[in-house]
Amino acid sequence: MSFALTERLTRASVKNACCLTDFVPVRMADPTPQGLTLELSAYGFARAFCSRNGLTDKEAFFAKHQEIRQKFSNYGLSPSVVKARQLVFFPRLKDIVFADGEFSVAEPEEEYMRLFDNYRDLNPKDLKARHESYAHVADDCLEKMYADAFEAPDDLIHVTCSGYLAPSPVERMAAKKGWLRTTVTHSYHMGCYGAFPAIRMAHGFLASSHMGVTPPKERVDIVHTEILSAHRDAEELTAQNIITMTLFADGFIKYSAVTEDYLRSQGLSGLKVLAYNEHLLPDSADDMTWVPGPTRFHMSLSIMVPVVIKAAVKGFVEDLLRRAGLDFERERSRLYFAIHPGGPKIVEHIQSELKLDDDQVAMSKNVFFENGNMSSATVPHILKAIAEERSIPTGAHVMALGFGPGLTATGLVLEKI
């Protein structure tokens, strides 16, 4: 490639840099205090176990309940780690009564909110029925996100790992609004790192539109509808299931990828994409999985996940910063991090390995404490917090990191503008 062509492409990429802006989270349920989810989940497991095994006397139930409560105490994430989580498919506070040592939970009035055949022995509905429930919530979420939208985006990317339907909720919404020239793309089943491929797609859509492939584009919207509570059950009393059902939360957020020219012309602020990378980590294919089952998606997490990530993260970060023309050692103290907190130890391990100060990872820890793990929606919530934090100056560099099944390591270098 000639020097002149390289220079022209470089000038074009700078002028039309991709920027992330307009982060809009949506609440579809009031957050449930973590302590309550632990107690009520343990109670539900005990009740379901006794029902399936024909145990009807109170003493047998009490003994089993205490045993299961201890398991939740041993393996579940405590309120000191996660304060509360948004869980659409979990009993609402107004429907819960605790008296004489027992919970009483009213069945939801809405049929689509019922993930079980009944709420006495908690027999789970199948995956088809649960996807129908997912669709109701996702449809309502998108209506909230785009209630005041007057202009259609050029492209719409839907990110989720918790519900797959064709046509998808995003396609239905676009058709309903008459956005027939908006291209809908689905970015599914990548779990916790799902935001990163979606941002790469948006970057590519904007770039290709300036190379004559499509008409020029200015805005690509990315929407996340993660409804992990649609996959809860009361059957699999294992340490693995207790960890995942007390770790994951529902998360809903939309944001836009726009050209830098558009961002500045509209007087917006945001985060400019400088570099990205993604690759698999060696000898880790079975350390994290997310597979469909008869009634729900099943997550498995090996105790090796934090160890594998810690061993790989420094080299990954150094290489990614080099792609942006930055040196890690020189930039270390000035970087801010948006680290996907797959669990409470992930951020701590990365902070230790990279020798980071608390304020450099504060947003990652705070979003996790306030919300739990919202899968692909988590990093966008952290980026929103960084973009809006006044103490983080314009021009600051941000390193976003995510990890998911594969094990896949992925990252972005961003600049606050």
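Numbers here simply count residues along the sequence, with the first being 1.
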Practice task
Please determine if Arg130 forms a cation-pi arrangement with Phe116, meaning its NZ or CZ atom is less than 6.0 Å from the six-membered ring centre and no more than 45° off the ring axis.
Solution key: yes
Exercise for the section: With the side chain counted from C-beta on, respond yes when Ser133 and Leu115 share a heavy-atom pair under 4.5 Å apart, and no when they do not. Expected result: yes
Practice task
Count the heavy atoms of every other residue, nucleotide or ligand shown that sit under 6.0 Å from CZ of Phe369, and state whether that count exceeds 12.
Solution key: yes
Exercise for the section: Provide the closest heavy-atom pair for Thr182 versus Ala152 in the form atom of the first, atom of the second, distance. Expected result: OG1-CB, 3.5 Å
Fill in the blank from the handout: On a heavy-atom basis, the closest approach of Ser376 and His224 is OG-ND1, 2.9 Å
Exercise for the section: May I ask you to check whether His298 and Asn241 show a side-chain donor-acceptor distance below 3.5 Å? Expected result: no
Practice task
Would you confirm whether Asp140, through its side chain, and Met28, through its main-chain N or O, come within 3.5 Å as a donor-acceptor pair?
Solution key: no
Handout entry: Distance-only side-chain donor-acceptor flag, Ser78 / Ser80, under 3.5 Å
Key = yes
Exercise for the section: Would you confirm whether Ser269, through its side chain, and Ile417, through its main-chain N or O, come within 3.5 Å as a donor-acceptor pair? Expected result: no
Exercise for the section: Check the side chains of Ser256 and Thr21 for a donor-acceptor pair under 3.5 angstrom, ignoring hydrogens and angles. Expected result: no
Handout entry: Under the ring-ring contact (aromatic ring centres under 6.0 Å, His included) test, residues paired with Phe72 that sit two or more places apart
Key = Phe45
Practice task
Using a 4.5 Å cut-off on heavy atoms from C-beta on, say whether the side chain of His381 contacts that of Pro25.
Solution key: yes
Handout entry: Lys/Arg N to Asp/Glu carboxylate O, Glu110 vs Arg92, below 4.0 Å
Key = yes
Problem - Ala42 versus Ile68, closest heavy-atom pair with distance - result: O-CG2, 3.7 Å
Problem - Under 3.5 Å donor-acceptor, Asn373 side chain and Ser375 backbone - result: yes
Problem - N-O pairing of Lys125 and Glu111 below 4.0 Å - result: yes
Fill in the blank from the handout: Correct closest heavy-atom pair for Ile227 and Ala138 would be CD1-N, 4.1 Å
Exercise for the section: Start with the C-alpha distance between Lys176 and Glu143, add both sets of side-chain angles, then the distance that settles salt bridge (Lys or Arg N to Asp or Glu O under 4.0 Å), and finish with yes or no. Expected result: CA-CA 10 Å; Lys176 181 178 178 181; Glu143 284 297 319; 3.7 Å; yes
Problem - Any side-chain donor near an acceptor of the partner, Arg85 and Thr32, under 3.5 Å - result: no
Problem - Distance-only side-chain donor-acceptor flag, Glu226 / Ser162, under 3.5 Å - result: yes
Problem - Residue pair Thr238 / Gln240, side-chain donor-acceptor N/O under 3.5 Å - result: no
Exercise for the section: Heavy atoms only: give me the nearest Ile339-Ile382 pair and the separation to one decimal. Expected result: O-CD1, 3.4 Å
Exercise for the section: Decide yes or no on salt bridge (Lys or Arg N to Asp or Glu O under 4.0 Å) for Glu370 and Lys83, but give the supporting numbers first. Expected result: CA-CA 6 Å; Glu370 295 290 338; Lys83 183 174 74 172; 2.9 Å; yes
Exercise for the section: Would you give the length of the straight line joining atom CG of Leu383 to atom CE of Met363, rounded to the nearest 0.5 angstrom? Expected result: 11.0 Å
Practice task
Kindly compute the distance separating CZ (Arg264) from SG (Cys19), expressed to the nearest 0.5 Å.
Solution key: 7.0 Å
Exercise for the section: Could you list the residues that satisfy ring-ring contact (aromatic ring centres under 6.0 Å, His included) with Phe23, not counting sequence neighbours? Expected result: Tyr255
Handout entry: Note, Ile309 side chain near Ile350 side chain (heavy atom, < 4.5 Å)
Key = yes
Completion exercise
Closest non-hydrogen contact found for Leu335 with Leu321 is CD1-CD1, 3.9 Å
Handout entry: Crowding at CG, Asp30 (>12 non-hydrogen neighbours, <6.0 Å)
Key = no
Practice task
Determine whether more than 12 heavy atoms belonging to other residues, nucleotides or ligands lie under 6.0 Å from atom NZ of Lys365.
Solution key: yes
Practice task
Would you please indicate yes or no on a ring centroid separation below 6.0 angstrom for Tyr164 and His186?
Solution key: no
Practice task
Kindly indicate whether the side chain of Ser51, heavy atoms from C-beta on, has any atom under 4.5 Å from the side chain of Arg47.
Solution key: no
Practice task
Please confirm whether the backbone N or O of Met299 pairs with a side-chain atom of Thr244, one donor and one acceptor, at under 3.5 Å?
Solution key: no
Exercise for the section: Give the intermediate values and the outcome of ring-ring contact (aromatic ring centres under 6.0 Å, His included) for residues Phe316 and His279. Expected result: CA-CA 9 Å; Phe316 183 84; His279 64 71; 5.2 Å; yes
Practice task
Test Arg296 against Asp233 for salt bridge (Lys or Arg N to Asp or Glu O under 4.0 Å), laying out the working first.
Solution key: CA-CA 8 Å; Arg296 63 185 179 90; Asp233 78 347; 3.2 Å; yes
Problem - Distance (rounded to the nearest 0.5 Å) between Arg322 CZ and Leu320 CG - result: 10.0 Å
Practice task
Using a cut-off of 6.0 Å, state whether more than 12 heavy atoms not belonging to Asp286 lie near its atom CG.
Solution key: no
Handout entry: Ring centroid separation Tyr193 to His340 under 6.0 Å
Key = no
Problem - Interatomic distance, Thr408 atom OG1 to Leu280 atom CG [nearest 0.5 angstrom] - result: 4.5 Å
Exercise for the section: Find out whether Phe90 and Thr37 are in side-chain contact, i.e. whether some heavy atom of one side chain is under 4.5 Å from a heavy atom of the other. Expected result: yes
Completion exercise
Rounded to the nearest 0.5 Å, the OG1 atom of Thr183 sits from the CG atom of Asp154 at a distance of 8.5 Å
Practice task
State whether the side chain of His131 and the backbone N or O of Leu127 hold a donor-acceptor pair below 3.5 Å, judged by distance alone.
Solution key: yes
Problem - Heavy atoms from other residues, nucleotides or ligands near CD of Glu109 exceed 12 (cutoff 6.0 Å) - result: no
Handout entry: Any donor-acceptor pair under 3.5 Å from Ser168 side chain to His158 backbone
Key = no
Problem - Over 12 foreign heavy atoms within 6.0 Å of CG, Asp283 - result: no
Exercise for the section: Could you tell me whether Lys144 sits above the aromatic face of Phe252, with NZ or CZ closer than 6.0 angstrom to the six-membered ring centre and within 45 degrees of the axis? Expected result: no
Practice task
Let me know which of Phe248, Tyr134, Trp290 forms a ring pair (Phe, Tyr, Trp, His ring centres under 6.0 Å) with Phe297.
Solution key: Trp290
Problem - N/O donor-acceptor pair under 3.5 Å between Glu218 side chain and Leu206 backbone - result: no
Completion exercise
CG of Asn277 to CZ of Arg200, rounded to nearest 0.5 Å, is 8.5 Å
Handout entry: Polar side-chain atom of Asp126 near backbone of Ala129 as donor-acceptor pair, under 3.5 Å
Key = yes
Handout entry: Pairing of Glu39 and Arg69 as salt bridge, 4.0 angstrom limit
Key = yes
Problem - Donor-acceptor under 3.5 Å (Ser265 side chain, Asp261 main chain) - result: yes
Exercise for the section: May I ask you to test the Pro91-Leu40 pair for a side-chain heavy-atom distance under 4.5 Å? Expected result: yes
Problem - Minimum side-chain heavy-atom gap Leu156-Thr185 below 4.5 Å - result: no
Exercise for the section: Determine whether the side chains of Tyr146 and Asp221 contain a donor N or O and an acceptor N or O closer than 3.5 Å. Expected result: yes
Problem - Thr259 side chain vs Cys18 backbone, donor-acceptor pair below 3.5 Å - result: no
Exercise for the section: Ignoring hydrogens and angles, state whether a donor on the side chain of Gln351 or Asp358 is under 3.5 Å from an acceptor on the partner side chain. Expected result: yes
Exercise for the section: May I ask you to establish whether Lys217 and Phe205 are in a cation-pi arrangement, using a distance under 6.0 Å from NZ or CZ to the six-membered ring centre and at most 45° from the ring axis? Expected result: yes
